[in-house]
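Quick notes on the structure that follows.
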2 protein chains.
Amino acid sequence: MFGARVPRHRSSSGRCPVLAVDGASSLTEQVIESVREAIHSGELRPGELYSVYRLAAQLNVSRTPVREAMLRLAEAGMVRFERSRGFRVLRRDPREIAEVFHLRLLLEVPAARIAAGRADPALVEAMRAELDAMRAAAGDHDEPRFMRHDRAFHELLLTAGANRKLVSVVGNLRDATMTLGASTLDRSRALADIAAEHEPILTAVEAGDADATGRAMRSHIAHTGELLLAQATAENGVAAAPEDVDLIHST
Amino acid sequence: MFGARVPRHRSSSGRCPVLAVDGASSLTEQVIESVREAIHSGELRPGELYSVYRLAAQLNVSRTPVREAMLRLAEAGMVRFERSRGFRVLRRDPREIAEVFHLRLLLEVPAARIAAGRADPALVEAMRAELDAMRAAAGDHDEPRFMRHDRAFHELLLTAGANRKLVSVVGNLRDATMTLGASTLDRSRALADIAAEHEPILTAVEAGDADATGRAMRSHIAHTGELLLAQATAENGVAAAPEDVDLIHST
DNA sequence: ATCTGGCATGTAGCATGCTGCATGTCAACG
DNA sequence: CGTTGACATGCAGCATGCTACATGCCAGAT
C-alpha cells in the first residue's frame, strides 16, 4: 500500500515538525495527492468501500486531514461518502468522459483563438519547450510526466487567453478525467500521437492565425477525447455509446 | 449577527439530536448556507478578517464544521485562508464578473441551442412556470426568490442539453457571482427587465428554433453580465474597465 | 428450516485539547 | 525620538475522544 508516504507525526498530539515533503503546505493537501495517485495507480479501486479510519492508519496521519481530503475529493466528484458506511471511489463512466471533452471543446477552442491573436514570442518559446518535454516523456513511456507537460502546454495557451476562471475550470475538468485507472493500452504510440497533435497548434499560434489555431485545437481535443472514451469503454467492457461519441463532436 | 441559526448542541460532546433544520443533513452544510447568506446580506464583509473560532461561537457549533465549511468555500474561491491569521471574504472584482459571464456565454449558448432541438412540451411548461414565478418575485421585489427561479429556468434548459457536467459547472459559476453584496440598485426595474428577457428564449425553444434560442440566450446573458458588471464597478467606486466589457462580448 | 431480535463491529460526524506560528504591543535600549 | 526584541494574543491545523447510526451476525424462537 501507499503507507508512510506522509511524514510520521509525534506520538501524541501537536503539529508535525517535519517540513512539507511535497512542497504542499498542509497534510490535507498531501493526502489529497496521495489518494489521487492511489486511484490513478489502481491501489484504490472504484466501487470498493473504504474508511477514513483505515486510510488514516495507512497514511500514518490522524483522521482529520484524511477526512478533509476526502470531503474535497467528494466535492470534486471523485468519491462519494455513504453515511456510517464509508466512502466509495466513483467509477468514471464513458458518459462523463464525453461530457468533459464536450466542455473542453466549448472552452478551449475559443480561448485558443483569442490567445492566437496575442501571439507573443516568449509564449511560443515556452510552449515549444513543453512540447519538447512531452515528446521526451513519450519516448520514455513516462505517462505522468507526459501529462504534466501536456497540461502545462494547454495552460500556457489558456492563460494567454486572459480568462483566469477559464483556466481553473479547465484544470478541474482535467482532474476529473485523470482518475481513470492506469492506462495499459499501447500508450507508447498514443502518447507520441498526442504530442504530434500539438505541433499544428503551436505553428498556428506562432503565425497568429486564430482560425487555424481553433481548428488545430478542436481536432486535438476531439481526438484525445475519443482515445480516452475508447479506453474507458474498454475498461468497462462495453462498447462506446454512439451518443457519447456524438457529444464530443457536437460542437 | 446570525447567531443561533444553527440548532444548539448539547452541553458537552455528542451528536446533535435536533433534526436538520434546513433539510440539509450535516451541520457543515448548514454553516455553508448560513455563511453564504451572511455574505450576500452584508453581515460578513469582504476584506475583513474573521476566524473559525469566533464564527463557531456565534453559530453555536464547534469549530470543526465551521472549518470544513470555510474550506469548501475557500475551494470555491469565495474565501481565502491566511495562515495563523484567519480567513478573509474575497472581494468580487469586476474582472471576475466579466470572466464568469464570458464562460457562461461559451457554455450556455451552445447548450441552449442543443436543448432547443429537443423541445419537449413538458419542458416548455416547466420553464413557463419558472418564468411566471420570476415575474411574480420581481413584482414583490423579492430578489432571492427571483434568483432561485431564474436559476431553475436556466437549469431546466441546460439539463435538456444533456450534459450533466455542464449543468454543474454553470451552477458553480452562478454561485461565484451570487456573493456580491446585497444589490441596492433600482432592482425593481432591473428584475422585471431580466425576467422579460427570458420570454424570447422560451418562445424560441417552443418553436424548436436553435438559432433563435442561441441568439436570445446570448443577448440575455450578455445583458445580465453588463448589469452585474456595472453594479460591481459602482460598488468599488471605479469605472468599468473597457476590456472587461469587451470580454463579455468577445464570444 | 426459517424468521427475528439483540448485540458486536465499524463508520461518519461533531467536540475539543494541543502546538507551532504570525502578528501586535510595549518596554528597554540606542 | 527611533529601534529592537521579548512577550501576549489569537489563529489554523492536527490529534483524538465521543455519539448516533447502519449493517452483519448469530442465537434463540417459531
Exercise. Quickly work out the B:L55 CG to D:dC11 C1' distance and round it to whole Å.
Key: 14 Å

Quiz item: Atom CG of B:N60 to atom C1' of C:dT16: distance rounded to whole Å?
Solution: 15 Å

Exercise. Measure from the side-chain N and O atoms of B:R92 to the backbone N and O of B:A176, and report whether any donor-acceptor pair falls under 3.5 Å.
Key: yes

Quiz item: Which residues pass the salt bridge (Lys or Arg N to Asp or Glu O under 4.0 Å) test with A:R95, sequence neighbours left out?
Solution: A:E99, A:D244

Exercise. Check every atom of D:dA22, D:dA15, C:dA12 against the side chain of A:F81 and return the nucleotide holding the closest atom.
Key: C:dA12

Exercise. Taking salt bridge (Lys or Arg N to Asp or Glu O under 4.0 Å) as the test, write out the residues that go with B:E155, two or more places apart.
Key: B:R151

Quiz item: Expressed in angstrom and rounded to an integer, what is the separation of A:R67 atom CZ from C:dC14 atom C1'?
Solution: 8 Å

Quiz item: Taking OP1 and OP2 of D:dA15, is either one under 4.0 Å from a side-chain nitrogen or oxygen of A:S62?
Solution: yes

Practice problem: Could you check how far CD of A:E68 sits from C1' of D:dG13, rounded to whole Å? | Solution: 8 Å

Quiz item: Quick one: A:M70 CE to D:dC14 C1', roughly how many Å, whole number?
Solution: 18 Å

Exercise. Please state whether the phosphate of C:dC14, meaning OP1 or OP2, lies under 4.0 angstrom from any side-chain nitrogen or oxygen of B:T28.
Key: yes

Quiz item: Can you tell me how far the CZ atom of A:R54 sits from the CG atom of A:L49, to the nearest 0.5 Å?
Solution: 8.0 Å

Exercise. Rounded off to whole Å, could you give me the CD-to-P distance for the B:E82 and D:dG13 pair?
Key: 11 Å

Quiz item: Going by modelled atom types, is there a donor-acceptor pair between the base of D:dG17 and the side chain of A:R63 at under 3.5 Å?
Solution: yes

Quiz item: Can you tell me how far C1' of D:dG10 sits from CZ of B:F87, to the nearest Å?
Solution: 14 Å

Practice problem: Return no unless some side-chain N or O of B:R54 is found under 4.0 Å from OP1 or OP2 of D:dG10. | Solution: no

Exercise. Please figure out whether B:Y53 or B:T64 has its closest DNA chain D nucleotide nearer the 5' end.
Key: B:Y53

Exercise. Considering just the side-chain nitrogens and oxygens of A:S51, establish if one lies under 4.0 Å of OP1 or OP2 belonging to C:dG10.
Key: no

Exercise. Whole angstrom is fine here: how far is it from CG in B:L49 over to P in D:dG10?
Key: 14 Å

Quiz item: Do B:L55 and B:F87 touch side chain to side chain, with heavy atoms closer than 4.5 Å?
Solution: yes

